[in-house]
Structure formats: C-alpha cells, structure tokens
Amino acid sequence: MEKTYNPQAIEDKWYQTWEKNGYFNAEQTVEGEESKEDGSRAERENFCIMIPPPNVTGRLHMGHAFQDTIMDAMIRYHRMKGENTLWQVGTDHAGIATQMVVERLINAEGKTRHDYGREKFTEKIWQWKEQSGNTITKQLRRMGASLDWSRERFTMDEGLSTAVTEVFVRLYEEGLIYRGKRLVNWDPVLHTAVSDLEVLSTEESGHMWHMRYPRSNGAGYVVVATTRPETLLGDCAVAINPSDERYSYLLGELLELPLTGRKIPVIADEHVDADFGSGCVKITPAHDFNDYLVWTRHKNKSEIRDLPRGGLINIFDHNAAIRDNEDDVNNIIPDAYIGMDRYAARKQIVADLEAAGLLEKVVDHKLVVPRGDRSNAVIEPYLTDQWYVKVGPLAKPAIEAVENGDIKFVPDNWKNTYFEWMNNIEDWCISRQIWWGHRIPAWYDELGNIYVGYDVDDVRKKNKLPDDFVLRQDEDVLDTWFSSALWPFSTLGWPEKTPELEKYYPTNVLVTGFDIIFFWVARMIMFGLKFMDDVPFREVYVHGLVRDSEGQKMSKSKGNVLDPIDIIDGIDLEALVDKRTSAVMQPHMVERIEKLTRKNFPDGIPAFGTDAMRFTFASLATTGRDVVFAPSRIEGYRNFCNKLWNATRYVLMQTEGKDTGLLTNGNDNTDVALSLADRWIISRLQHVEERIEQHNKNSRLDLIAQDLYAFVWEDYCDWYLELSKPILFNDATPENQQRGTRRTLVRVLETILRLNHPIIPFITEECWQYVAPLAGKTGDSIMIQPYPESDASKIDAKAEKELEWVKTFISGVRRIRSEMDIPPGKPLSLLLQNASDKDKLLYHENQAFIETLAKLAQSEWLDDDDEAPESATALVGEMKILIPLAGLIDKDAELARLEKEINKLQINVDKTTSKLLNKNFVDKAPAAVVDKERSRLAEMTKAVEQLEEQAAKIKKL
RNA sequence: AGGCGCGUAGCUCAGUUGGUUAGAGCGCUUCCUUGACAUGGAAGAGGUCGGUGGUUCGAAUCCACUCGUGCCUACCA
C-alpha cells in the first residue's frame with residue numbers, strides 16, 4: 001500500500017470497478033449469501049430509495065452532496081445487510097429554470113424564443129440537455145453514489161411522459177382536474193402562472209397613497225388608501241365594515257371613480273378592518289386575492305352585477321401593462337393609460353389624481369411584495385384560464401396515511417408541518433405558459449369545447465369526431481412538480497404492471513429537505529395513494545439545510561455556494577473567487593463576494609477527497625434543521641481517513657507474509673492464544689456493532705459516525721495497536737500468542753473497514769483489498785460483503801474490566817510524568833503499595849503492556865507498612881503507584897497536584913454523601929441506583945484518604 | 001397573527017424512555033520527530049446546560065412562564 005493516503009489515487013479507480021461489475025444494480029447479491037444449505041437463495045427483503053431528481057441542466061450543490069451521502073450510506077448498509085437494494089437514479093426537466101437558461105443563451109444571439117418558434121426552441125433545449133445533462137451524473141459518480149445507472153430515468157422520457165398523460169386523463173375523467181378562470185400568481189416577465197410556492201414574499205419599502213373618491217351627490221369624498229394606485233382602473237366598489245357607524249350613511253351611495261368616468265357602489269363587508277387606514281377599502285377583484293373574495297360575496301347584488309363585466313374588471317395585459325379596450329363594448333380603460341407599463345401608469349395616475357385635487361397624501365409604507373422565485377419580478381394577481389387539480393379529495397387519504405402511521409416522518413415532528421399545509425390546502429394550478437414540459441393533453445374545437453385524451457386520435461375516436469374536424473391542442477405545459485409527484489411509481493414502469501413496481505413499491509424511505517415537503521412530498525403521497533393505492537414510501541427522512549461556516553444559507557446570489565467537487569479535488573483561491581463571482585447576476589455583489597471568499601478561504605480549499613467529505617456529512621446528519629459546513633470540520637475527518645490508512649499500514653507491516661492464524665487450506669488454526677488486549681478489543685467491537693445497528697434503525701448517521709470515529713481512533717489505534725507492540729516486537733512471545741494478536745489485528749481491522757464502508761466507501765475498499773486475504777476473507781469487493789453484526793458470545797466483561805485496570809495504571813503514570821515535567825522518553829522506576837492479590841496478578845499478567853506503554857524501568861512491591869521514599873502518587877483503585885522523587889520531582893509541585901486532585905474528589909464525595917443522607921433518596925430511588933452511589937462514595941472516600949495520607953507524608957519532609 | 005424549532009465548553013454540535021464525574025470535533029495550553037500516522041503522540045485548561053418557578057428522592061432532560069433567536073405559513077388595503 002502507498003505510504004501516504006492520497007484519495008485522488010484510489011477513488012476513480014474503485015468507482016469504475018464497481019460500476020463495471022454491476023455492483024450498484026438492483027438484484028446484486030452479497031457474496032457468500034447466495035447459497036443457503038439447500039442451494040436456494042433465501043427470500044430477500046427489498047430496499048428501495050428514489051433519488052429526489054435533480055434538475056437535468058443544473059449542478060449539484062452541497063445540499064445535494066449531503067443528501068446523496070445520507071442515501072448512499074443507507075443503500076450501501078442495506079445492500080451489505082443482504083437486502084435487494086435499488087437506488088433509483090434520474091433527473092427532472094425543471095420547466096421554468098431550464099427554459100430560462102436556454103432563453104438566456106438565445107438572448108445572447110440577439111434573438112428571443114419566439115424567433116425560433118416552439119418546435120425549434122424545444123429542440124434547442126433538448127440539445128442543451130444532452131450537452132449539460134451529464135454534469136449531474138458525473139458529480140454523483142465522483143461522490144461515490146451507488147446508484148443503479150442501468151435504470152436511469154428522466155421526467156420527459158417516453159415512459160414518464162406516458163405516466164403523466166395517463167394521470168392527467170384519469171383525473172380529468174374523474175372530475176379532479178378542471179379548467180377555470182381564476183386569479184393566479186402571474187409572472188409578467190416569464191409570462192406564466194406560478195404556484196403559491198414559487199412566490200417569495202419579502203418586506204420592502206414603498207408608499208401608501210391616500211386617494212379621494214368623490215361622492216356622486218357632490219357632498220365631499222371618501223378617502224381610500226392603496227399601495228397600488230394603478231389598480232384603481234379596475235375598482236368595482238369601495239367597502240366598509242358593516243359595523244362601522246362612521247360610514248354607514250354611505251351604504252347604497254355611488255362614488256365617482258376618479259379618472260374613469262365610472263361610478264362604483266359602497267358596500268359593506270367583514271373583510272374590512274375599520275381600524276386600519278381610513279376604514280374604507282377599494283375593491284379590485286381582478287387584481288387582488290382578497291378583493292376577489294369580497295367580489296364573490298357581492299357579485300349577485302344589482303349594484304355590482306350591473307357594472308361592466310359584472311365588476312370583475314381586468315386592466316392588464318400579460319406584460320402587466322395597461323391593456324387595450326379592443327374587446328370591450330364600453331371602453332372601460334381610459335385611453336390615456338393604454339399600453340403603459342404598470343409602474344409608468346402608476347406614476348401617471350398619481351400625477352393625474354394630484355392635478356385633480358384627489359390625492360390626499362402619500363406616506364412611506366412597509367409592505368410585503370411578492371416576487372417570482374425564478375424571475376424576481378413582482379408577481380401580479382391576474383385573471384387567466386388555467387388548469388387545476390381539485391386537491392381536497394386527494395388530500396384526505398394523504399393526511400390519514402400519516403395520521404395512522406403508514407408514513408412516518410423522521411424526525412417525527414415534521415408531520416406537523418405536513419398536516420398544517422394539508423389541512424389548508426387549495427386547488428393546485430398545474431398549467432404553465434411555457435414551452436418546456438409535458439404539453440397538456442387537451443384539445444379545443446373552434447367553439448372552445450374541451451376534449452381530453454391520450455392523443456388527438458384518441459380524442460377523435462372517443463368523441464366520434466371526423467378527421468377534418470378542427471382541433472387545436474392546449475398551448476400550456478404542466479408544472480414540473482406534476483411529473484415529479486409520479487416519480488416513485490413512474491420510474492418503475494407505471495402505468496404498465498411491471499415486476500419492478502411489484503417489488504419496490506412502496507419504497508422504503510424518502511430522503512429530502514424540509515423545504516420541499518409541500519412542493520413534492522405531499523404531492524407524491526397524494527398521487528401514490530390515488531394511483532397505486534398505497535403510500536409511495538414508508539418513511540420520510542427530513543434533513544437540514546446546508547449553510548456556510550457563518551450560518552448563512554448557501555445561494556448563488558450570496559456567492560457563498562460551494563461545489564462538492566471543489567471540496568473533493570480542492571481549488572485555489574483565485575479559481576474559487578472566479579467561480580463564485582461569475583455566477584452572480586448583480587455586479588454590485590461581486591466585490592462583496594470576493595471579499596467574503598478571500599476571508600473565509602485565504603488559501604483556497606485543499607483537496608480533501610470524497611471520503612472525508614462524506615464522513616463530514618454523516619457526522620452532520622443530526623436531527624437539527626441547520627447543517628453548518630465548516631472547513632475545519634472536514635479537515636478533522638480527512639485526518640480520520642489518514643488515521644485509518646496508517647493503521648492499516650501498521651497492521652499490514654505486522655501481518656503480511658506472516659502467520660495470521662490461517663492454515664494453508666484456508667481453515668482457521670485452532671492453536672491460538674489471545675492476549676487480554678485481544679479479548680478486550682474483540683469485546684469492544686461487539687458493543688460498537690450493536691450500537692451501530694441501533695443507530696441505523698433510528699437513522700442516526702451522526703451517531704454512527706461518532707461511534708466509528710471513537711472506536712477506530714481511541715480503542716483501536718490509541719490503545720489496541722499500541723498494546724499489540726509489546727507482544728509482536730518481543731521475539732520471546734510464544735508463537736501462538738503472536739498468531740493470536742496478528743489474527744486479531746487483521747480481523748478487527750477487516751471488520752472496521754466493513755463497518756465504515758457505507759460512509760467512506762473508497763478508502764475502505766482500497767484497504768480491504770490488502771487486509772481481507774490476511775483475515776481469511778475472499779471476495780472481489782468490500783461493497784458486497786456482509787455488514788458486521790454483533791456476536792454476544794464474544795463480549796468479555798472480565799477482559800474489559802481488566803484492561804480498564806491496565807489503562808488506569810498507564811494513564812496514572814503518564815499523568816505524573818506530564819504534570820511533573822518528566823520527559824516521556826525517560827524510563828521510570830516505581831513502587832507499588834497497598835496492592836491486593838488481584839492487583840498483583842493483573843500486574844504480572846500485563847507487565848509487558850504496562851512497562852512498554854508507561855515506559856517503566858522496573859517496579860517494586862512494598863508492603864502496606866513499608867516506609868516509602870518521598871514520591872509522586874497515582875491510584876489504581878486502592879493500589880498506590882509511587883514514583884520516587886529522587887531529584888526528579890519538585891516537592892511543592894507534587895503537593896499542589898495532590899491537592900487539586902483531592903479537591904476534585906472531595907466535591908463529589910460531598911455531593912454523594914448528601915445524596916445518601918437524604919432519606920427520601922435512599923427509600924425511593926431504585927436499589928441499584930443507591931448501591932451504585934454507595935460504592936462510588938466508598939471508592940472516592942478511600943481515594944481521598946490515600947491521597948491525603950500521601951500529601952501529609954510529603955509535607956512532613 | 002398562527003405554526004414549528006433552537007438557546008449545552010471560544011466555535012459547530014451530541015446527550016436515546018429524568019439516575020455518570022454533562023460528552024465529541026475544531027480551537028487553546030504544555031511537553032514530545034518513540035520503528036503506522038506531525039493529516040501524529042501524551043497530558044491539560046475550559047460549561048452555575050438562556051432565565052425564573054414548578055413536578056420529583058433526583059431535571060440539561062418533564063411542565064408553566066419569560067427573555068433571546070431562527071424558519072415556515074397567512075397577512076391590513
């Protein structure tokens with residue numbers, strides 16, 4: 001094996017090998033598991049995870065890397081457990097995002113998508129997809145993701161498109177999809193409807209205009225306030241609160257709507273808050289969601305019904321400019337404003353009001369502005385024809401599935417978020433006015449009648465329409481989440497009845513961020529229950545959001561994003577600055593981002609390798625909702641990988657070409673003696689295995705990482721490897737003992753590698769290739785080896801206790817050495833006093849361990865009443881370790897040291913004493929707890945006594 | 001306004017159904033190139049677990065209130 005750990009040298013190599021050999025694919029078996037006694041294969045559990053499909057033209061960010069690490073660790077674990085695993089891979093077409101990217105490319109040519117036309121433009125997107133589509137898959141491979149590439153899917157591929165059509169047609173036929181004219185969130189830049197979830201509302205400063213609406217009887221005016229004065233053109237009423245007596249006299253009156261020559265009524269509606277503003281609200285039903293609701297409550301009253309368009313007056317075109325009157329009978333829109341952009345119109349209208357003396361005042365006002373998450377344009381409520389899914393009937397069973405435990409959220413309280421949304425759910429607007437996506441399978445005849453079917457021929461057949469009957473397909477496409485919602489079954493071949501569906505649906509766990517519980521999780525549950533009659537997954541594992549080292553959410557616009565590949569391969573500062581600043585649209589941010597980057601990464605990012613990154617993510621996978629990714633953290637786990645690497649090198653040096661307990665026929669040599677250290681590490685290993693199994697059940701990757709880290713570094717490297725040296729470096733050690741230790745070294749290491757493999761696949765594979773044969777393992781890859789399981793018969797409580805004694809002894813000597821400034825290399829002689837027979841036996845049995853690790857020259861036993869020379873003291877239970885001062889040790893320093901230790905103990909002695917004096921405690925606490933306290937107290941009291949005795953002795957000198 | 005969460009060592013976080021001497025990584029201090037590893041070894045400092053009150057023999061853990069903080073949802077024109 002190479003002397004230094006170099007992740008670059010091993011990672012690509014192993015990924016290619018794994019993929020080439022088909023280990024990632026479903027149906028892969030674990031070596032040694034295929035043949036049970038009778039030669040048949042045992043019935044296997046299936047374990048399936050669907051990858052949340054990333055945007056096909058995007059790049060993976062740290063959040064994906066985090067998520068993929070979690071999924072891969074789960075999948076590798078279950079694969080090694082012998083289950084039939086499928087990690088379904090694929091991407092989605094990300095309608096608006098992808099269309100925008102390609103439009104930008106076209107804009108650079110000085111053209112728009114309309115210059116290309118729909119067909120040519122979508123061709124262009126397909127080309128772009130081909131060109132950029134493997135960015136994601138390359139990244140996934142670099143991260144070691146063991147995805148089944150043979151089953152890769154794309155939401156726009158033929159099969160998945162078939163599924164989309166099928167779902168649309170069925171829902172339409174059941175009346176669960178309908179077309180309606182409603183207010184939607186309209187993005188006037190992208191010219192499409194967007195869902196509530198795609199609108200981000202932020203507080204911005206603006207103004208509140210107080211406008212005067214004259215009473216038609218000439219007796220003064222009514223003041224209404226608005227943040228959008230241009231919408232006055234679409235007003236249908238002014239509303240007051242029914243119980244607001246200040247204005248009750250106005251009811252039934254008409255007001256002059258300024259600048260329009262129209263008259264509008266005053267109505268009473270509960271929606272109005274009498275205490276806000278003037279208490280009078282203008283009602284613009286075609287441009288405000290609340291006003292629309294007010295209108296629906298009043299639309300049948302004659303004063304509203306008799307207004308143009310029944311009061312529902314649209315004033316904008318699809319650019320949010322003031323529309324033309326062409327299709328109106330009675331010229332609702334004043335000519336002066338036609339064609340003006342909404343903000344130009346606002347300015348003009350305010351000026352005209354002012355000129356007419358109808359502007360009371362303008363005040364600064366903080367308001368919440370809705371913006372499109374893609375375009376950042378201010379969203380307008382806009383009246384359009386759209387397709388909707390009637391969600392109520394679908395939501396009910398979806399809520400029940402979580403209530404009755406068919407689906408479990410992890411951590412559990414995310415279900416509250418889910419219920420919150422599902423209980424207040426509204427119909428889902430699924431049509432988008434863009435070109436990239438699944439075209440809606442609906443056709444119109446010249447009278448506007450709607451026909452829905454699988455394709456145009458189907459429509460003709462079903463409706464007995466002749467071939468020359470003119471039909472025009474709906475121009476719109478479906479929301480991307482519509483196809484994503486089918487992902488858990490469409491990828492498995494639905495609507496065909498495939499063996500895959502039979503096997504893998506419902507999937508086991510969905511791993512996702514809490515930010516898309518609404519977008520995606522809820523919709524998958526609804527559609528899964530509807531079309532598969534079963535939940536899409538049994539468990540939803542919700543992880544946190546990855547933030548930068550300052551706790552900020554990572555985003556391109558903030559310029560604090562990291563590319564997982566740059567963590568793996570490293571990147572120099574200039575390249576990183578370049579990468580971050582070039583992704584930013586607003587030039588004024590560039591400077592700030594550059595400064596931030598130079599501050600946080602003064603030396604760029606070193607190459608940490610995939611394994612170190614993965615271990616870091618694993619350790620960060622706590623139940624919290626924030627995941628703070630600090631470079632120092634990866635460094636620590638890179639060091640862990642290095643530690644494992646070097647431990648392996650040590651083991652190989654001790655075992656390669658030597659007897660590790662294997663006979664030439666491959667069987668175990670039974671003439672093997674195990675040292676205390678051997679028995680101890682084997683016993684400890686069982687505990688770790690058990691804990692890890694428990695953590696896996698609880699999906700606590702962070703705790704797995706923590707246990708693995710501690711076991712490898714502390715138990716195995718710091719103690720066990722050091723304890724193996726006195727045995728192996730001493731030629732006098734009997735052969736069967738050396739054999740025992742070598743065997744334990746390799747076998748425990750081999751197990752450690754398998755335990756770690758799901759988290760750090762590359763380094764474990766590389767090491768395993770060397771270690772496995774020495775441990776008597778055959779097989780081509782660690783990936784398909786069984787995952788270690790705890791064996792209770794190997795737990796050796798006695799060995800654990802005895803080795804604890806040895807450790808205490810060694811640590812005691814080391815502490816004195818360190819605190820007394822005795823060089824670590826200087827061999828010490830010591831005296832042992834107050835020893836029991838047991839102490840003596842333990843010492844003799846473990847003399848080699850103790851003398852080597854504590855660096856001792858010799859030890860001498862004193863009788864209890866022997867006079868000891870002035871010494872520094874440590875305790876092992878009741879036995880005293882005495883290190884004679886003999887010019888080595890400063891008397892005062894030793895006194896101070898003893899005092900400190902006594903004080904520490906005394907505090908606990910006091911605490912425990914008062915506890916035991918409390919009658920209630922002794923009576924009511926479980927006997928075991930009380931006993932424990934009692935023996936603790938005895939131990940500590942004894943220790944204090946001995947230390948005090950020792951202190952007194954030194955003082956006397 | 002409603003909902004959810006968080007507040008434990010300088011920093012980032014664990015702490016399973018209330019019962020240890022409250023832990024880890026990074027950082028910090030001292031010493032050490034000992035034949036796996038200086039991406040290392042040994043030893044150590046550092047916390048009244050946000051505050052108050054309660055339940056209990058016993059609270060970081062359960063309850064109430066409170067302060068601070070974050071997110072989500074809905075928002076007053």
Side-chain angles (χ1 to χ4, degrees), chain A residues 3-5 196 201 208 224-228 231 239 271-273 275-284 288 290-291 365 367-368 411 413-414 416-417 419-421 424 514-515 517-518 545 549 551 553 606 608 612 616 619-620 622-633 635-654 694-695 698 700 702-703 705-706 709-710 717-718 721-722 725 729 811 814-819 821-825 852 855 904-905 907-908 911-912 915 918-926 928-930 932-933 936 940:
Chain A
K3 194 165 178 280
T4 52
Y5 167 54
D196 292 349
S201 294
M208 179 86 86
V224 295
T226 181
T227 54
R228 295 186 299 156
T231 61
H271 161 67
V272 182
D273 177 356
D275 297 329
F276 187 88
S278 64
C280 301
V281 188
K282 63 195 270 315
I283 302 299
T284 322
D288 183 285
N290 284 316
D291 292 2
H365 181 73
L367 71 163
V368 178
N413 37 12
W414 283 112
N416 296 326
T417 307
F419 289 139
E420 174 67 17
W421 192 65
N424 297 301
F514 59 82
D515 50 335
I517 288 178
F518 304 149
L545 250 43
S549 50
K553 196 168 163 176
F608 288 112
T616 309
S619 72
L620 291 171
T622 65
T623 57
R625 47 172 76 182
D626 294 328
V627 174
V628 176
F629 196 89
S632 65
R633 197 90 195 238
E635 202 180 323
Y637 295 118
R638 191 267 322 265
N639 295 353
F640 174 76
C641 292
N642 185 60
K643 191 78 182 173
L644 187 57
W645 182 269
N646 281 296
T648 303
R649 280 184 57 232
Y650 168 77
V651 171
L652 291 176
M653 287 165 85
Q654 302 310 323
Q694 196 52 45
H695 296 327
N698 299 335
R700 287 300 300 270
D702 59 323
L703 298 180
Q706 201 175 312
Y709 188 99
C717 291
D718 287 348
L721 292 191
E722 293 307 317
K725 289 175 184 174
F729 292 179
S811 299
R814 283 174 174 173
R815 203 173 313 125
I816 292 174
R817 202 188 267 282
S818 173
E819 287 172 17
D821 277 334
I822 301 168
T852 310
K855 271 253 156 52
K904 236 187 192 168
L905 277 167
I907 290 171
N908 287 310
K911 253 195 222 166
T912 312
K915 225 183 209 182
N918 183 344
K919 206 168 161 335
N920 281 325
F921 173 69
V922 181
D923 290 349
K924 294 191 182 173
V929 174
V930 178
K932 202 170 163 192
E933 291 295 313
R936 258 193 71 214
M940 291 189 301

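Residue numbering restarts at 1 for every chain, and letters A, B, ... go by the order of the sequence lines.
Here the nucleotide nearest the side chain of A/Lys924, chosen from B/C75, B/G35, B/C57, is B/C57. With B/A36, B/A77, B/G25 as the candidates, the nucleotide lying closest to the side chain of A/Ala647 is B/A36. Of the candidates B/G19, B/A36, B/A14, B/A36 carries the atom nearest the A/Gln654 side chain, counting heavy atoms from C-beta on. Minimum atom distance to the side chain of A/Asn646 is reached by B/A36, of the listed B/G5, B/U12, B/A36. Residue A/Ala925 places its side chain closer to B/C57 than to any other of B/C26, B/C57, B/C37. Ranking B/G5, B/G35, B/C71 by closeness to the A/Asn413 side chain, first place goes to B/G5. The side chain of A/Asp273 lies closest to B/A77, out of B/C26, B/C75, B/A77. Here the nucleotide nearest the side chain of A/Asn920, chosen from B/C57, B/C71, B/C75, is B/C57. The listed nucleotides are B/A36, B/A77, B/C71; the one nearest the side chain of A/His365 is B/A77. Each of B/C71, B/A77, B/A14 was ranked by its minimum atom distance to the side chain of A/Thr227; first place goes to B/A77.
Between A/Leu703 atom CG and A/Ser619 atom OG the span is 10.5 Å, to the nearest 0.5 Å.
Under the 4.5 Å side-chain criterion, counting only non-hydrogen atoms from C-beta, A/Asn646 is not in contact with A/Tyr5. No side-chain heavy atom of A/Thr852 sits under 4.5 Å from any side-chain heavy atom of A/Lys725.
Of all heavy-atom pairs between A/Val272 and A/Gly279, the closest is CG1-O, 3.4 Å. Taking each heavy atom of A/Thr284 and A/Thr231 in turn, the nearest pair found is CG2-O, 3.2 Å. Between A/Phe514 and A/Leu545, the closest heavy-atom pair is CZ-CD2, 4.0 Å. The nearest pair of heavy atoms linking A/Phe608 to A/Arg638 is O-CG, 3.8 Å.
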Review point. Given A/Thr623 and A/Asp702, is the side chain to side chain contact (heavy atoms under 4.5 Å, CB included) satisfied, shown in steps?
Key: CA-CA 9 Å; A/Thr623 57; A/Asp702 59 323; over 6 Å; no

**Study point:** Derivation and outcome, side chain to side chain contact (heavy atoms under 4.5 Å, CB included), residues A/His695 and A/Gln706
**Key:** CA-CA 11 Å; A/His695 296 327; A/Gln706 201 175 312; over 6 Å; no

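Within the 4.0 angstrom heavy-atom criterion, base atoms lie near A/Cys717. Among the protein residues, A/Glu722 comes within range of the nucleic acid bases, having at least one heavy atom under 4.0 Å from a base atom.
Taking atom P in both B/C37 and B/C31, one finds a spacing of 24 Å when rounded to whole Å. The same atom, P, is picked in B/G25 and in B/G44; the two are 14 Å apart, to the nearest Å. Spacing between B/C13 and B/U17 at atom C1', rounded to whole Å, works out to 23 Å.
With sequence neighbours left out, A/Lys3 forms a salt bridge (Lys or Arg N to Asp or Glu O under 4.0 Å) with no residue at all.
Distance, A/Glu420 CD to B/A1 P: 16 Å, rounded to whole Å. Regarding A/Arg625, its CZ atom lies at a distance of 14 Å from the P atom of B/C13, rounded to whole Å. For the pair A/Phe629 CZ and B/C11 C1', the computed distance is 16 Å after rounding to whole Å. A straight line from CD1 of A/Ile907 to P of B/A22 spans 11 Å, rounded to a whole angstrom. Rounding to whole angstrom units, CZ of residue A/Arg817 and C1' of B/C32 are separated by 11 Å. Whole-Å rounding puts the A/Arg638 CZ to B/U39 C1' distance at 5 Å. Per the geometry, CG belonging to A/Asp702 stands 11 Å off C1' belonging to B/G15, to the nearest Å. Note: CD (A/Gln706) to P (B/A22) measures 17 Å, nearest angstrom.
Base pairing in RNA chain B gives the following stems of 3 or more Watson-Crick or G-U pairs, range against range and under 3.5 Å: B:1-7 with B:67-73, B:10-13 with B:23-26, B:28-32 with B:40-44, B:50-54 with B:62-66.
Nearer the 5' end of RNA chain B, as judged by each residue's closest nucleotide, is the contact made by A/Asp196, out of A/Val281 and A/Asp196. Between A/Met940 and A/Asn698, the residue anchored nearer the 5' end of RNA chain B, judged by the nucleotide with its closest heavy atom, is A/Asn698.
For the pair A/Lys3 and B/C37, the criterion of a side-chain N or O lying under 4.0 Å from OP1 or OP2 is met.
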Dump the pairs, protein N or O against N or O of nucleotides 40-44 of chain B, anything under 3.5 Å, distances to one decimal.
{"unit_1": "B/G40", "atom_1": "OP1", "unit_2": "A/Asn639", "atom_2": "ND2", "d": "3.0"}
{"unit_1": "B/G40", "atom_1": "O3'", "unit_2": "A/Lys643", "atom_2": "NZ", "d": "3.0"}
{"unit_1": "B/G41", "atom_1": "OP1", "unit_2": "A/Lys643", "atom_2": "NZ", "d": "2.8"}
{"unit_1": "B/G41", "atom_1": "OP1", "unit_2": "A/Trp713", "atom_2": "NE1", "d": "2.5"}
{"unit_1": "B/A43", "atom_1": "O2'", "unit_2": "A/Ser818", "atom_2": "OG", "d": "3.1"}
{"unit_1": "B/G44", "atom_1": "OP1", "unit_2": "A/Arg815", "atom_2": "NE", "d": "3.0"}

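Ring geometry, A/Tyr637 versus A/Tyr709: the interplanar angle exceeds 60°, so the pair is classed perpendicular (tilted spans 30 to 60°).
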